[in-house]
Amino acid sequence: MAGGSFTTGAVSKERAEQYKGRVTPFVIVACIVAATGGSLFGYDIGISGGVTSMDDFLKEFFPAVYRQKLHAHENNYCKYDNQGLAAFTSSLYIAGLIASLMASPVTRKYGRRASIIGGGISFLIGSALNASAVNLTMLILGRVMLGVGIGFGNQAIPLYLSEMAPTHLRGGLNMLFQVATTLGIFTANMVNYGTQKIKPWGWRLSLGLAAVPALLMTVGGIFLPDTPNSLIERGLMEKGRKLLEKIRGTNEVDAEFQDMVDASELANSIKHPFRNILERRYRPELVMAIFMPTFQILTGINSILFYAPVLFQSMGFGGDASLISSALTGGVLAGSTFISIATVDKLGRRVLLISGGAQMITCQVIVAIILGVKFGADQELSKGFSILVVVVICLFVVAFGWSWGPLGWTVPSEIFPLEIRSAGQGITVAVNLLFTFIIAQAFLALLCSFKFGIFLFFAGWITIMTIFVYLFLPETKGIPIEEMSFMWRKHWFWKRICLN
């Protein structure tokens, strides 16, 4: 029996119907401002690939890669394979991994807002260091500071959005984080397209403009309220209730407020959430905290977004054409996320994840076949097949944009009970950044070794994750965030673990 096919009934209806209120402008504005932090993550993903394909940047910091690039005819798949260049991209993510675990106790003790502000300040410092870098050490240090900012931001923002949003619109509002991420990617691609023409310092402008979303996140965080859940968890009951009434637009918040109070009492009785999350009763949440972000990265999307210009140049596109193509994929990703916002609270999480997985598998296999048949180690794709590859990659990106892109963040952020919520989100972000680091560090070497088979490698993982969702992920649509624990006890598989 498929997981989640009968999990929502009693859990979602009985309690959710007692929650009163409406979507207030205050909630919308707060969620938009908070989600702006996602643009930091997106801007960096988009900017890295473009900058690492700019000749001026390579000559300054990676002359060996620049010399390799000049001999493109020798081996298309291997001309960018350099561990130093990969380290520039991936160092941010290992720093973010460590920072996300440090952010968990900060988020729990001082609130989601404090982590958002701290992340923004760190990102400002990192962008300044990168823009003014005069040697590789300074460049990598800047990347580390960016990583700290992303670690704190990605830890706090999805939690903030899930806790502020009303139950029936939690999926859509939570996805504002992914919208900001995709818009950050698209903006970065357009910036790269413009700055590559500015010789010889265009790359500095690309890296320095990361300060813009960082400033928005920092200033926005200063004016944001904390979430009612966080205020109540920290003992500010009256303040939490008043904020809850304000964001729901009604005084009739007894049911939701009581659920938060009950959850906070349990949360405050647990002193070591990272130790407690290992208990058997939290096994479903722990599994999802590990597997959802792992699978999100193993779709191969970050490889395409990081190295889109490099990838398209490897396929024979010129410098301008490769950046235009990567800008196109960034725009497609941003647009497709709105499909998910419009449908996630109607169709549910499972339908989008499974249908998106099927489309991504198909696209990866098609690209692998085209490259395997028409693109050798020392030849270029014809114009027709080059266009076809870009179209199919765009279809892959569309599928990711409505499924694993936003839902890879949304599902983990809404399933944890309050007592392990910060720890659970910390693990989610850490795992996401760990696999982002691994793929970022390994992709150029994998491309050199696997050649077109890299797309089949990712297609295999997408097949596994689609089956995983079908069997083990229950539907979370419409279930109050503080009632999620009951969902697992009704699931065909997890109830055996939770109830034993």
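Between the side chain of Q359 and the backbone N or O of L395, at least one donor-acceptor pair lies under 3.5 Å. Not a single donor-acceptor pair under 3.5 Å links the side chain of W488 to the backbone N or O of Y282. The closest donor-acceptor contact from the side chain of K490 to the backbone of K495 lies at 3.5 Å or more, if one exists at all. Distance alone, capped at 3.5 Å, is enough to place a donor-acceptor pair between the R283 side chain and the L278 backbone. In terms of modelled atom types and a separation under 3.5 Å, the side chain of E475 and the main chain of R349 share a donor-acceptor contact. A donor-acceptor pair under 3.5 Å links the side-chain atoms of S39 to the main chain of T36, judged by distance alone. Between the D345 side chain and the G172 main chain, a donor and an acceptor come within less than 3.5 Å of each other. Formation of a donor-acceptor pair under 3.5 Å by the R170 side chain with backbone atoms of I479 is found in this model.
Between T227 and the choices R113, R112, M260, the side-chain contact (heavy atoms from CB on, under 4.5 Å) rule is met once, by R112.
In this structure R204 satisfies the salt bridge (charged side-chain N to carboxylate O under 4.0 Å, His left out) test with no other residue, sequence neighbours excluded. Shown here are the ring pair (Phe, Tyr, Trp, His ring centres under 6.0 Å) partners of F493, two or more places apart in sequence or in another chain: F472. Residues satisfying the salt bridge (charged side-chain N to carboxylate O under 4.0 Å, His left out) test with E285, not counting sequence neighbours, are none.
Rounding to the nearest 0.5 Å gives a distance of 4.5 Å between CG of L353 and CG of L407.
Here the closest non-hydrogen pair linking G240 and P228 is O-CB, 3.8 Å. Minimum heavy-atom separation, I47 to S206: CG1-O, 3.6 Å. Listed here is the closest heavy atom pair of T299 and F396: O-CZ, 3.3 Å. In plain terms, the two heavy atoms of S162 and N174 that are nearest each other are OG-ND2, 2.6 Å. Between L433 and F41, the closest heavy-atom pair is CD2-CE1, 4.2 Å. Taking all atoms of both residues into account, the shortest heavy-atom contact from V332 to V397 is CG1-CG1, 4.2 Å.
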Next on the checklist: Using side-chain contact (heavy atoms from CB on, under 4.5 Å), reason through F186 and T182 one step at a time and then give a plain yes or no.
Outcome noted: CA-CA 6 Å; F186 177 68; T182 57; over 6 Å; no
Checklist entry - Would Y110 and D226 satisfy side-chain contact (heavy atoms from CB on, under 4.5 Å), going step by step from the backbone distance to the final call? => result CA-CA 10 Å; Y110 299 106; D226 220 322; over 6 Å; no
Next on the checklist: For T337 and Q178: C-alpha separation, side-chain torsions, deciding distance, then whether side chain to side chain donor-acceptor pair (under 3.5 Å) applies.
Outcome noted: CA-CA 7 Å; T337 308; Q178 181 68 11; 4.8 Å; no
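The number of heavy atoms from other shown groups lying within 6.0 Å of CZ (F468) is above 12.
Salt bridge absent: R421 and E233 never bring a charged side-chain N and a carboxylate O closer than 4.0 Å. Between E279 and R281 there is a salt bridge, since a side-chain N of the basic residue sits under 4.0 Å from a carboxylate O of the acidic one.
With no hydrogens or angles considered, no side-chain donor-acceptor pair links S104 and R108 at under 3.5 Å. Judged by distance alone, the side chains of S422 and T107 never bring a donor and an acceptor atom under 3.5 Å apart.
Counting only heavy atoms from C-beta outward, the side chains of Q296 and N432 approach each other to under 4.5 Å. Using a 4.5 Å heavy-atom cutoff, the side chains of N276 and E419 are not in contact.
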